[in-house]
Chemist: 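Starting off with a structure, shown below.
Note that the structure is predicted; figures quoted are calculated from it, not measured. Just the heavy atoms: all of them, side chains too, but no hydrogens, waters or symmetry mates, feed the values below. As the structure lists them, so they are numbered: ligands from 1, and atoms in each ligand from 1.
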Amino acid sequence: MSSRNQQIFERARQLIPAGVNSPVRAFGSVGGTPPTIAKGAGARIWDVEGKEYIDYVGSWGPLILGHAHREVVQAVQAVAERGLSFGAPTEGEVEMAELLTSAVPSVEQVRLVSSGTEATMSAIRLARGFTGRSKIVKFEGCYHGHADALLVKAGSGALTFGQPSSAGVPPEVTAHTLVLDYNDSGMLEQTFSHNGSEIAAVIVEPIAGNMNLVKATPEFLQTMRTLCTRHGAVLIFDEVMTGFRVGLQGAQGLFGITPDMTTLGKVIGGGMPVGAFGGRRDIMQKIAPLGPVYQAGTLSGNPVAVAAGLATLKLVGAPGFFESLSETATQLVDGLSHIAQEANQDFSAQSVGGMFGMYFRAGVPQSFAQVMEGDGEKFNRFFHHMLDAGVTIAPSAFEAGFVSAAHGPDELERTFDAAREAFSRLQD
Ligand code: HOZ
C-alpha cells in the first residue's frame, strides 16, 4: 500500500514533468518521494500525512519570518479584499521603491518584476543597452535564474542534475557569455585585459547560494569593482538570495562594495512572487518608456505580492532583527559541526546572516572546485536520515540553507538530536 505522499506524487508525475514545477523539488539527486506539503506555521511544515518537519528550506529563502506569519497574512488579506491586480500604479509599489532605495546602497531607482529570473534577465538587457556592448561575464556555479544567456555553467538545479549548461539554448545566444572561476581575481584581470572594451556587465552572487554557500573574498569583489569602473562595464550584484537575508543592506552592505546594479527577489516578496532590479539612476533611465531598453510585465508590482513584501520588510527592519537571526544560524552551524566532529565525520559548515552552508568535506569551500569535492553520497544519506527524523534541508548538496526568526532553541535542539543520530549512522 503506497502512502498518501506517494499517491499524490504519482498523480503529479502523470501530468507534470517529474511531478514538480521546479526541478530540485523532485528529489532527483537524493532519491525517494518528496513529501507533499499541506501547511506551514513558524519554523515548521506538515505534509499531507500529518508528519511535522522543522524546515530549513523556507521556500528557498523568502520566509525569513517563518511560515504563515500573522502580520504578513493579514496584510495580504486586507489588500486582496480591495482587488487582486489592476495593471495600473498603486501606492504600495511606491512604498516598496522607497524602502528598497533607502535600504540598499546601490539602488537609486528600482523596477519591480515577478521573479528573480526576470530581474537578472532585465538587468543584463539594461546593462547591454546602456553600454552598447554585448559580452557579459559570469562565474561557474553561480545561478542567476534561467534566462538563456545566463544558463552556462550555472548552479542550483542545473548543477544538481549535471546539466549546468542547458539544451535548447542556441550557441549564438551564449557566445557572448564569458564564464570564469569564482574567487579567481587573476582570471578576471586577464579577461578584462583582453576584452575590457567589449564587456557590458559582470554579474555575480556576492555570496553564492546556488553551489551550496560560498563566500566571495573581499579582494575578489574589490577587483571586480575596480575593473568594471576602469573599463566602463556595469557591475551587477545578484542579491536575489542575499538581499535582506544576510543583512539589511544585503551582501553589498557587509562587504562595503557598491555595484552599479542589484537584483532582488525572495525576501522582498515575503513568500509571494516579487523580484526587482535597480541601480544607478543614469542606467535605470534607459528603461522604456524613458529610454530604448524594453521591459514590461502585467503582474509587475502586483498589489497583493507587494503587500506581503512590505509587511515582511517592515519586521525585518526592526532593531536587532539580524543580530538575533545571525545568532540562531551561528548556533546551528556550530552545533552541527560539533556533533559531526564527535562522530569523526569530515564535515564543515558556515553561516552569513540567516543563510548557511553545510559541506561533507573538511573545511569550508572557497571555490566551485572545492564544493565539488564534497561527499555527495554521504550528503544524500544524511538528508534522508534528517527527513525521516522530521527535519527538512534542501534536497541537493548545491543549495544554501535558511533559518527564520521563528527558529528558536526548541527547533535547534530537535535538529541536533536528529543530526546526532544521522551522523552516527553515517559511520556504518
Ligand atoms: N532555484 C531555486 C533554488 N536555488 C528554486 C528551487 C525551487 O523552488 O524548487
Chemist: Out of the candidates F27, W46, F9, only one should pair with P35 under the side chain to side chain contact (heavy atoms under 4.5 Å, CB included) rule; please name it.
Modeler: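 Of F27, W46, F9, side chain to side chain contact (heavy atoms under 4.5 Å, CB included) with P35 is met by F27 alone.
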Chemist: Give the table of side-chain donor-acceptor pairs shorter than 3.5 Å for residues 235-257, with sequence neighbours excluded, one pair per line with atom names and distance.
Modeler:
| residue | atom | partner | partner atom | Å |
| --- | --- | --- | --- | --- |
| D238 | OD1 | V240 | N | 3.0 |
| D238 | OD1 | T263 | OG1 | 3.1 |
| D238 | OD2 | H144 | ND1 | 2.8 |
| E239 | OE1 | T242 | OG1 | 2.6 |
| E239 | OE1 | A251 | N | 2.6 |
| E239 | OE2 | A251 | N | 3.3 |
| E239 | OE2 | Q252 | N | 3.0 |
| E239 | OE2 | Q252 | NE2 | 2.9 |
| R245 | NE | G61 | O | 3.3 |
| R245 | NH1 | G354 | O | 2.9 |
| R245 | NH1 | V403 | O | 2.6 |
| R245 | NH2 | G61 | O | 2.6 |
| Q252 | OE1 | S106 | N | 3.1 |
| Q252 | OE1 | S106 | OG | 2.8 |
| Q252 | NE2 | T262 | OG1 | 3.0 |

Chemist: If I take atom CE from residue M224 and atom CD from residue E219, how far apart are they, to the nearest 0.5 angstrom?
Modeler: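 With rounding to 0.5 Å, CE (M224) is 10.0 Å from CD (E219).
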Chemist: Could you work out, with side-chain contact (heavy atoms from CB on, under 4.5 Å) as the rule, every residue matching R125, not counting sequence neighbours?
Modeler: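 Partners of R125 under the side-chain contact (heavy atoms from CB on, under 4.5 Å) test: M121, V293, Q295.
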Chemist: When you look for protein heavy atoms under 4.0 Å from ligand 1, which residues do they belong to?
Modeler: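 Ligand 1 pocket, heavy atoms under 4.0 Å: S22, R25, W60, Y143, S156, N210, M241, E399.
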Chemist: Is the F347-F360 ring centre distance short of 6.0 angstrom?
Modeler: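 So the answer is yes for these two rings.
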Chemist: For A18, what residues pass the side-chain contact (heavy atoms from CB on, under 4.5 Å) criterion, not counting sequence neighbours?
Modeler: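 If we apply the side-chain contact (heavy atoms from CB on, under 4.5 Å) test to A18, skipping adjacent residues, the hits are V20, A26.
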